[in-house]
Amino acid sequence: SVLHGTGPHNAHVAPDGDLAPVTGMPCQNLNCEPTPGALSFHTSIGLTVQDCSFEHLGSAALYLGDGAQHSHIVGNEFADISAGAVAVGRVDSWDVADPSQQEAYNIIESNYLHDIAVEYAGAAGIWQGFWRDSKILNNTMLRLGYSAVHLGWGWRLAQGYSRNNEVAFNRIRHHLLLADDGGGLYTSGPQPNTTIHHNYVSKRQHNQCGGCMYRDDGSAYIVDSFNV
């Protein structure tokens, strides 16, 4: 399947306000509304998006939220996206106590992302808010306006339920093309029993603040190993 916009970035008009590193959203602390995904799913269970193309889109490409679980986002291409390619969750769900309403058991694997966040400089290639028991594996990400992978939210403002996640075997080149204070692999807030390993990150552009691996305020209980 192909989801194709009508022109370069589909001529989307950016919202007013400060942009948070999610999908190009105006944001203050823990109260944010994401830029809608061209394809959005809410409270989905067992969703598979596979072998699809998302091209020339003027907002975010794919959004999953409100307790999305057991999703498989596999083998897709995301190209020339104004905001982020894949976003899962919200920034205001840190206090969701019911496990059935938490974003969990989702897999984002073997996707090809390039030319992402070409207009919304605060958007990440793959963004996960509060998340648990999930994996981001073997994705290739090239030419990103901000962070390639953004994990967690809240800094020290909210603990959330993020835990038991794995990010591995991803290849990232040319990130932070438009903004800084981000990273190839960026984290915020505590994420117990989360492992980030065997990733390759290179060619970051802005160098005032950020890096290839960036553990921002409140990041804790994350094990990094064998990353280059």
Do side-chain atoms of [X] reach the backbone of [Y] as a donor and acceptor pair under 3.5 angstrom?
X      : Y      : result
Tyr146 : Ile116 : no
Gln191 : Leu151 : yes
Ser147 : Gly183 : yes
Ser134 : Ile107 : no
Asn139 : Asn111 : yes
Ser82  : Leu57  : yes
His175 : Ala148 : no

Is there a side-chain contact between [X] and [Y], using heavy atoms and a 4.5 Å cut-off?
X      : Y      : result
Phe130 : Arg90  : no
Leu185 : Val167 : yes
Ile108 : Gln128 : yes
Leu178 : Tyr120 : no

If I compare all heavy atoms of [X] with all of [Y], which pair ends up nearest, and what's the gap?
X      : Y      : answer
Ser162 : Pro192 : O-CD, 3.1 Å
Gly37  : Ser59  : C-OG, 4.5 Å
Ala61  : Ala85  : CB-O, 3.3 Å
Val49  : Cys52  : CG1-SG, 4.2 Å

For [X], give me all partners under salt bridge (charged side-chain N to carboxylate O under 4.0 Å, His left out), at least two apart in sequence or on another chain.
X      : value
Arg173 : none
Asp115 : Arg143
Glu166 : Lys135

side-chain hydrogen bond (donor to acceptor under 3.5 Å, both in side chains) partners for Arg132, two or more places apart: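 If we apply the side-chain hydrogen bond (donor to acceptor under 3.5 Å, both in side chains) test to Arg132, skipping adjacent residues, the hits are Gln102, Tyr105.
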Partner residues of Thr140 under the side-chain hydrogen bond (donor to acceptor under 3.5 Å, both in side chains) criterion, sequence neighbours left out: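 Partners of Thr140 under the side-chain hydrogen bond (donor to acceptor under 3.5 Å, both in side chains) test: Arg171.
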Taking only residues two or more places apart in sequence, or in another chain, which ones meet [X] in a ring-ring contact (aromatic ring centres under 6.0 Å, His included)?
X      : value
Phe169 : His197, His198
His174 : none
Tyr161 : none
Phe41  : none

To the closest 0.5 Å, what do you measure between [atom1] ([X]) and [atom2] ([Y])?
X      : Y      : atom1 : atom2 : value
Asn165 : Ile136 : CG    : CD1   : 8.0 Å
Met141 : Leu113 : CE    : CG    : 6.5 Å
His114 : Asp80  : NE2   : CG    : 8.5 Å
Asp216 : Trp153 : CG    : CH2   : 10.0 Å
Leu62  : Ser40  : CG    : OG    : 7.5 Å
Ser188 : Arg215 : OG    : CZ    : 11.0 Å

Worked check of side-chain contact (heavy atoms from CB on, under 4.5 Å) between Tyr186 and Leu176: CA-CA 11 Å; Tyr186 173 99; Leu176 301 181; over 6 Å; no
Contacts of Asn227 that satisfy side chain to side chain contact (heavy atoms under 4.5 Å, CB included) - sequence neighbours left out: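 Per chain and number, Asn227 pairs via side chain to side chain contact (heavy atoms under 4.5 Å, CB included) with Ile196, Asn199, Met213, Asp224.
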Residues which pass side chain to side chain contact (heavy atoms under 4.5 Å, CB included) with Thr48, listed by chain and number, not counting sequence neighbours: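 Thr48 satisfies side chain to side chain contact (heavy atoms under 4.5 Å, CB included) with Gln50, His72 once adjacent residues are dropped.
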Residues Asn138 and Ser110: side-chain donor-acceptor under 3.5 angstrom: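 Looking only at side-chain atoms, Ser110 and Asn138 do form a donor-acceptor pair, the distance falling under 3.5 Å.
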Worked check of side-chain contact (heavy atoms from CB on, under 4.5 Å) between Leu39 and Phe54: CA-CA 9 Å; Leu39 189 61; Phe54 298 77; 4.0 Å; yes
Shared hydrophobic cluster, Val96 / Val91 (ILVMFWY, side-chain heavy atoms < 4.5 Å):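 Yes, Val96 and Val91 fall within the same hydrophobic cluster.
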Ile126-Leu47 co-clustered via ILVMFWY side chain contacts under 4.5 Å: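 In one cluster: yes.
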Contact list for residues 97-110, test salt bridge (Lys or Arg N to Asp or Glu O under 4.0 Å), sequence neighbours left out: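 For residues 97-110: none.
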Option passing side chain to side chain contact (heavy atoms under 4.5 Å, CB included) with Asp133 (candidates Asn193, Asn164, Asn106):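 Exactly one candidate clears the test, Asn164.
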